[in-house]
Student: 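Below you will find the structure I want to go over with you.
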Amino acid sequence: MTESKLQQIIKQGENEIVEFKQSFSKSVIETLVAFSNTKGGRILIGVADDGTVQGVSITEETVQKWINEVKQNTDPAILPVIDIADIDNKTIVVFTISEFPVKPVSYKDRFFARKQNSNHRLNAEQIT
């Protein structure tokens, strides 16, 4: 992904298919699950909620660990596409996930869907 394309995404802000995270955490996996259960989307790690590019420090092992964590904690297992990019000499990691064909996807037996710019936990009726 090009720097100009990323800057354009950041400028548009968070929405139904874009989320910013300062670092990798369980909320990244929850958001990937929410995206999987709706229209798909992108998570930019190393970007603050206000769109400020802060960057992250990573190694190849870091990215592999994140992929494994996503795979091991989702059911059915999802595998996002990961791109590493530089903006203003700061590294950001972009997780891209498509809408999953088998739904619903769960994270630790919890189900989420994306509505506007936030994740919402699904209740039993919505899951069925």
Student: Give a yes or no on whether a salt bridge exists between K115 and E16, defined as a side-chain N under 4.0 angstrom from a carboxylate O.
Tutor: no

Student: Does CD1 belonging to I17 count more than 12 external heavy atoms closer than 6.0 Å?
Tutor: no

Student: What's the separation between atom CG in L79 and atom OG in S98, rounded to the nearest 0.5 Å?
Tutor: 11.5 Å

Student: Could you go step by step and tell me if I87 and I10 meet the side chain to side chain contact (heavy atoms under 4.5 Å, CB included) rule?
Tutor: CA-CA 11 Å; I87 295 181; I10 293 168; 3.7 Å; yes

Student: Counting only heavy atoms not in K71 (residues, nucleotides, ligands), do more than 12 fall under 6.0 Å from its NZ?
Tutor: no

Student: Out of curiosity, E60 CD to T62 OG1, how far, rounded to the nearest 0.5 Å?
Tutor: 10.0 Å

Student: With side chains defined as the heavy atoms from C-beta onward, is the minimum distance between V93 and D83 less than 4.5 Å?
Tutor: no

Student: So, does D75 use its side chain to make a donor-acceptor pair with the main chain of A77 at under 3.5 Å?
Tutor: no

Student: Would you say L6 ends up clustered with I84 if hydrophobic residues are merged whenever their side chains have heavy atoms under 4.5 Å apart, either directly or through other cluster members?
Tutor: no

Student: Quick check for you: to the nearest 0.5 Å, what is the distance between I97 atom CD1 and I78 atom CD1?
Tutor: 4.5 Å

Student: Might you point out which heavy atoms bring P76 and V102 nearest each other, and give the distance in Å?
Tutor: CG-O, 4.1 Å

Student: Is there a side-chain contact between R42 and L44 (heavy atoms, below 4.5 Å)?
Tutor: yes

Student: Would you find more than 12 non-hydrogen atoms of other residues, nucleotides or ligands less than 6.0 Å from Q12 atom CD?
Tutor: yes

Student: Between N37 (side chain) and V105 (backbone), is there a donor-acceptor pair under 3.5 Å?
Tutor: yes

Student: Answer yes or no: is there a side-chain heavy-atom contact under 4.5 Å between D49 and E14?
Tutor: yes

Student: Report yes if the side chains of V33 and F100 come closer than 4.5 Å at any heavy-atom pair, otherwise no.
Tutor: no

Student: In the structure I gave you, are the side-chain heavy atoms of F24 and V70 within less than 4.5 Å of one another anywhere?
Tutor: yes

Student: Taking 4.0 angstrom as the limit, do E19 and K21 come out as a salt bridge?
Tutor: yes

Student: Once you round to the nearest 0.5 Å, how far does CZ of F112 lie from NE2 of H120?
Tutor: 11.0 Å

Student: Using a 3.5 Å distance criterion without hydrogens, assess whether the side chain of D88 forms a donor-acceptor pair with backbone atoms of K90.
Tutor: no

Student: Between S106 and R110 (side chain of the first, backbone of the second, donor and acceptor by atom type, cut-off under 3.5 Å), is there such a pair?
Tutor: no

Student: Side-chain contact test, heavy atoms from C-beta onward, threshold under 4.5 Å: evaluate it for I58 versus W66 and give yes or no.
Tutor: yes

Student: Looking only at atom types and distance, does a side-chain atom of T52 sit under 3.5 Å from a main-chain N or O of A48, one as donor and one as acceptor?
Tutor: no

Student: Inspect the surroundings of CG in N89 and state if more than 12 heavy atoms from other residues, nucleotides or ligands are less than 6.0 Å away.
Tutor: no

Student: Under 4.0 Å between a side-chain nitrogen and a carboxylate oxygen: does that hold for K26 and E30?
Tutor: yes

Student: Can you tell if the side chain of I92 reaches within under 4.5 Å of the side chain of V56, non-hydrogen atoms only?
Tutor: no

Student: Out of curiosity, L32 CG to I43 CD1, how far, rounded to the nearest 0.5 Å?
Tutor: 3.5 Å

Student: Find the distance between CG (N73) and OH (Y107) and round it off to the nearest 0.5 Å.
Tutor: 5.0 Å

Student: Using modelled atom types and a 3.5 Å cut-off, is there a donor and acceptor pairing between side-chain atoms of R114 and backbone atoms of N15?
Tutor: yes

